[in-house]
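First the proteins, then the strands, lettered A, B, ... as listed; each starts at 1.
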Number of protein chains: 2
Amino acid sequence: MAETAERLDITAARREVLGQVLDTWSVLVLEELCESPRRFNELRRLLPVTQKSLTATLRRLERTGIVERIVISDRPVAIEYRITRLGKTLRDPIDAILAWVEQHLDEIDRARARFDDEAAT
Amino acid sequence: MAETAERLDITAARREVLGQVLDTWSVLVLEELCESPRRFNELRRLLPVTQKSLTATLRRLERTGIVERIVISDRPVAIEYRITRLGKTLRDPIDAILAWVEQHLDEIDRARARFDDEAAT
DNA sequence: AGTAGTGGTATCGCATGGATACCTGGTCTA
DNA sequence: TAGACCAGGTATCCATGCGATACCACTACT
């Protein structure tokens, strides 16, 4: 039982961060910010994400310490989002996942087609 | 515009797979199955996941070609889930992410506390 | 016969996320 | 100075997802 409890404790903490960090929009926003700092609407144009979700994603990443929200101008309100040192350490693992996806997309498509065919039978 | 369209096309395909592969339960189930094949209820005991979500997760992973569902006995219905060759290739990237989480949990906690403090001000 | 385990499906209610509209300001141009 | 347009959001509605719960068919054990 102690074993189980410990195990679940670990995964509970893990799960929370995992859910935030591995969220689809988080991953894609992160990729963008790794290339260079971006403005809010710049990100909107780059990704098919709604304003609401982008706002939520940026807030979450900011809270987690992965991106920084920098006011670059007061008068015409201008805000820049940039990746933090912590965020940069995420780049390699995330890139590895993205590379995996790119590399296995075809295989996944075939697997899905096979599965759906068998299900239709 | 062609640039944008192409970019969105790529991310659309990416997004789908990302969403499935990086799903919290998928990641944790995958970790378990990497250790050894598991039965349905075995997984339930190992992870704080509901039956419904576990069923959905396993179906999704099966469809994506990442896990295999093997009937090991008809009479007493017994089913084993095991990782596929494709699934195994996911292990390294996923482990990298998990390692990242473990490594930076404290830093994330501090960042969150800081954020919440500032917000409260 | 009763209880427990196996691998599920069905239903309900709440929270999350997308689409859409709207808002507060500032800039630019006519 | 009015109108159009940009910025960075908030507010609202609605569909979908997910957890909790109940239930089912079958087998095994006692």
Looking only at side-chain N and O atoms, does [X] come under 4.0 Å of OP1 or OP2 in [N]?
X: B:Arg45; N: C:dT6; result: yes
X: A:Arg59; N: D:dG9; result: yes
X: A:Asn41; N: D:dG8; result: yes
X: B:Tyr81; N: C:dG8; result: yes
X: B:Arg39; N: C:dG7; result: yes

Handout entry: Touch class at under 4.0 angstrom, heavy-atom based, for A:Arg69 against every strand present
Key = sugar-phosphate
Completion exercise
5' to 3', nucleotides 19-27 of chain C under a 4.0 Å protein heavy-atom cut-off (B base, S sugar-phosphate only, - none) gives B-B----SS
Spacing of [X] atom [atom1] relative to [N] atom [atom2], expressed in whole Å:
X: A:Arg44; N: D:dT10; atom1: CZ; atom2: C1'; value: 13 Å
X: B:Glu80; N: C:dT6; atom1: CD; atom2: P; value: 14 Å
X: B:Ile72; N: D:dT27; atom1: CD1; atom2: P; value: 16 Å
X: B:Leu58; N: D:dC18; atom1: CG; atom2: P; value: 14 Å
X: B:Asp23; N: C:dG17; atom1: CG; atom2: P; value: 12 Å
X: B:Ile79; N: D:dT27; atom1: CD1; atom2: C1'; value: 14 Å
X: B:Trp25; N: D:dC18; atom1: CH2; atom2: P; value: 11 Å
X: A:Glu42; N: D:dG8; atom1: CD; atom2: P; value: 9 Å

Exercise for the section: Sorted by first residue and then second, give each ring pair (Phe, Tyr, Trp, His ring centres under 6.0 Å) pair with at least one member in residues 31-78 of chain B; sequence neighbours left out. Expected result: none
Handout entry: Co-members of B:Phe115 in a cluster of I, L, V, M, F, W and Y side chains, linked at under 4.5 Å
Key = none
Handout entry: Remaining members of hydrophobic cluster (4.5 Å side-chain criterion), A:Ile70
Key = A:Ile72
Practice task
Hey, could you give me the CG/SG distance between A:Leu90 and A:Cys34, rounded to the nearest 0.5 Å?
Solution key: 8.5 Å
Practice task
Would you mind checking if B:Glu42 and B:Arg44 are paired as a salt bridge, meaning a charged N to carboxylate O distance below 4.0 Å?
Solution key: no
Exercise for the section: Not counting sequence neighbours, which residues clear ring pair (Phe, Tyr, Trp, His ring centres under 6.0 Å) with B:Trp25? List them please. Expected result: none
Problem - Pairs touching residues 19-29 of chain B that satisfy salt bridge (Lys or Arg N to Asp or Glu O under 4.0 Å), sequence neighbours left out - result: B:Asp23-B:Arg60
Practice task
Could you pick out which residue, A:Leu54 or B:Ala78, lies toward the 5' side of DNA chain C when each is mapped onto its nearest nucleotide?
Solution key: B:Ala78
